[in-house]
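Notes follow once the structure below has been shown.
Below, all heavy atoms of this structure are taken into account, side chains as well, without hydrogens, waters or symmetry copies. For ligands, and for the atoms within them, numbers begin at 1 and follow the listed sequence.
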Amino acid sequence: MVYPQPMALTPARRDVLVLTPWLAPIIWEGTFNIDILNEQFRLQNITVGLSVFAVKKYMTFLRLFLESAEQHFMVGYRVTYYVFTDRPADVPQVGLGPGRRLAVLPVRSYPRWQDVSMRRMQMISQFLEQPSRQQMDYLVCADVDMKFQDHVGVEILTPLFGTLHPGFYTSKRNAFTYERRPQSQAYIPHDQGDFYYLGGFFGGSVAEVHRLTKACHEAMAVDRANNIEAVWHDESHLNKYLLLRKPTKVLSPEYLWDLHMLPWPSVLKKLRFVAVHKNHQEIWNR
Ligand code: UDP
Ligand code: GAL
Ligand code: MN
């Protein structure tokens with residue numbers, strides 16, 4: 001393979017942090033050569049799972065999510081979509097490329113949207129305890145109210161990754177919306193924390209995602225028994241988990257942006273996975 005030589009004294013990007021203090025790469029456009037990565041990952045013949053929940057009215061987001069994933073998510077790899085839903089009959093028919101499959105996993109719904117969101121941790125962890133998960137090397141867990149609009153490939157694969165929240169990647173840790181009440185299992189004091197990760201895009205190896213989702217589910221069960229609910233639900237618990245068990249890669253906000261809330265900053269060369277407009281009154285608690 002012929003490609004530009006990496007030079008020890010020439011950083012790929014000078015304008016962003018590309019390595020955490022625990023030596024995990026932070027993934028920005030311009031820091032990786034996808035051809036080299038593809039060469040390495042293709043040799044392993046991996047299968048990547050993409051789990052997504054479409055419960056109650058959120059089913060309306062699923063078609064665009066899947067169609068856009070066909071265009072941009074792990075193109076050229078074996079991919080299995082795991083659609084968790086209370087409405088299996090409403091899963092749209094989407095044409096899938098070679099090597100790509102879709103599995104529907106029936107789940108119950110909860111009246112409160114917060115519970116639907118939080119229970120994802122339980123449902124994913126229990127799913128990963130079933131034998132069918134053996135066919136998968138990595139699992140990526142995503143919100144459904146999203147679309148892919150640029151490349152998301154093997155550069156994200158690693159034992160454990162989280163994604164920087166677009167609202168907080170320039171913020172001081174004391175401004176992060178971590179859970180601040182010591183009574184919650186998600187508690188993080190103001191002088192601690194690395195990044196504010198979002199709940200809508202995380203993943204890694206099956207073993208690590210199982211460990212993460214199980215730990216978050218158990219922490220939320222303790223909170224429930226203590227009559228406390230973390231401020232940002234599963235996202236608060238994810239942040240606590242990733243503070244204690246550091247991710248091995250961190251995705252830049254290229255991997256989750258919301259143009260309805262924020263303009264496109266020049267530090268992001270690509271917006272790969274973006275929020276779809278959602279009318280909260282319309283969609284919640286139905
Ligand atoms: N979700 C769902 N049905 C609901 C509420 C939530 O399927 O009634 C799932 C869906 O995958 C959604 C995710 O939970 O993307 C997180 O909820 P939401 O996207 O509303 O949270 P936000 O991104 O606004 O924090
Ligand atoms: C909002 C987002 C929420 C939550 C919150 C954290 O922008 O819509 O889902 O992530 O930030 O402060
Ligand atoms: Mn969302």
Check: Val55 N/O within less than 3.5 Å of ligand 1 N/O: yes
Side chain, backbone, both or neither: Tyr58 near ligand 1, heavy atoms under 4.0 Å: side chain
Ligand 2 atoms in contact with Tyr196 (distance to a heavy atom under 4.0 Å): 6 (C)
Test item: Phe61 and Met146 side chains (from C-beta on) under 4.5 Å apart, heavy atoms: no
Leu242 side chain reached by Phe195 side chain, heavy atoms, under 4.5 Å: no
Region of Ala54 engaging ligand 1 - heavy atom pairs below 4.0 Å: backbone
Distance under 6.0 Å and angle within 45° of ring axis: Arg42 vs Tyr77: yes
Backbone of Leu160 reached by a side-chain donor or acceptor of Thr248 within 3.5 Å: yes
Per-atom contacts, ligand 1 versus Lys278 - under 4.0 Å to a heavy atom: 18 (P), 19 (O), 20 (O), 22 (P), 23 (O), 24 (O)
Heteroatom distance test (Ser117, ligand 1): nitrogen or oxygen, under 3.5 angstrom: no
Heteroatom distance test (Asp143, ligand 1): nitrogen or oxygen, under 3.5 angstrom: yes
Test item: His217 and Thr213 side chains (from C-beta on) under 4.5 Å apart, heavy atoms: no
Centroid-centroid distance, Phe127 to Phe84, less than 6.0 Å: yes
Nearest non-hydrogen protein atom, atom 3 (C) of ligand 2: Trp232 CZ3, 3.6 Å
Heteroatom proximity flag, Ala142 to ligand 1, N/O under 3.5 Å: no
Phe168 touching ligand 2 at heavy-atom level, < 4.0 angstrom: yes
Heavy atoms of other groups near Lys214 NZ, more than 12 under 6.0 Å: no
Subset of ligand 1 atoms that lie under 4.0 Å from at least one heavy atom of Asp145: 15 (O), 19 (O), 23 (O)
Worked check of side chain to side chain contact (heavy atoms under 4.5 Å, CB included) between Ile228 and Gln185: CA-CA 9 Å; Ile228 191 165; Gln185 301 298 306; over 6 Å; no
Numbered atoms of ligand 1 (with element) below 4.0 Å of Val144, judged on heavy atoms: 10 (C), 11 (O), 15 (O)
Over 12 non-hydrogen atoms of neighbours within 6.0 angstrom of CD in Gln93: no
With Phe148, the ring pair (Phe, Tyr, Trp, His ring centres under 6.0 Å) member among Trp257, Phe73, Tyr255: Phe73
Region of Lys57 engaging ligand 1 - heavy atom pairs below 4.0 Å: neither
Part of Glu235 within contact of ligand 1 (heavy atoms, under 4.0 Å): neither
Heavy-atom closest pair, residues Asn38 and Val154: OD1-CG2, 3.5 Å
Atom indices of ligand 2, in the order listed, that fall short of 4.0 Å to a heavy atom of Thr177: 6 (C), 12 (O)
Atom 7 (O) of ligand 2 [closest protein heavy-atom partner, distance rounded to 0.1 Å]: Met261 CE, 3.3 Å
Contact check, Met146 vs ligand 1, heavy-atom distance below 4.0 Å: no
Any N or O of Trp113 closer than 3.5 Å to N or O of ligand 1: no
Nearest-contact summary for atom 10 (O) of ligand 2 - protein heavy atom, Å: Glu235 OE2, 2.7 Å
Nearby protein N/O/S atoms (those under 2.8 Å) for the Mn ion (ligand 3), with water ignored: Asp143 OD2, Asp145 OD1, Asp145 OD2
Tyr187 with Tyr178, same ILVMFWY side-chain cluster at under 4.5 Å: no
Any Met74 side-chain heavy atom under 4.5 Å of Phe41 side chain: no
Nearest non-hydrogen protein atom, atom 2 (C) of ligand 2: His165 NE2, 3.9 Å
Geometric cation-pi criterion, Arg108 with Tyr110: 6.0 Å, 45°: yes
Contact check, Arg120 vs ligand 1, heavy-atom distance below 4.0 Å: yes
Flag for Gln149-His72: side-chain donor and acceptor within less than 3.5 Å: no
Within-4.5 Å side-chain heavy-atom neighbours: Phe273 and Ser68: no
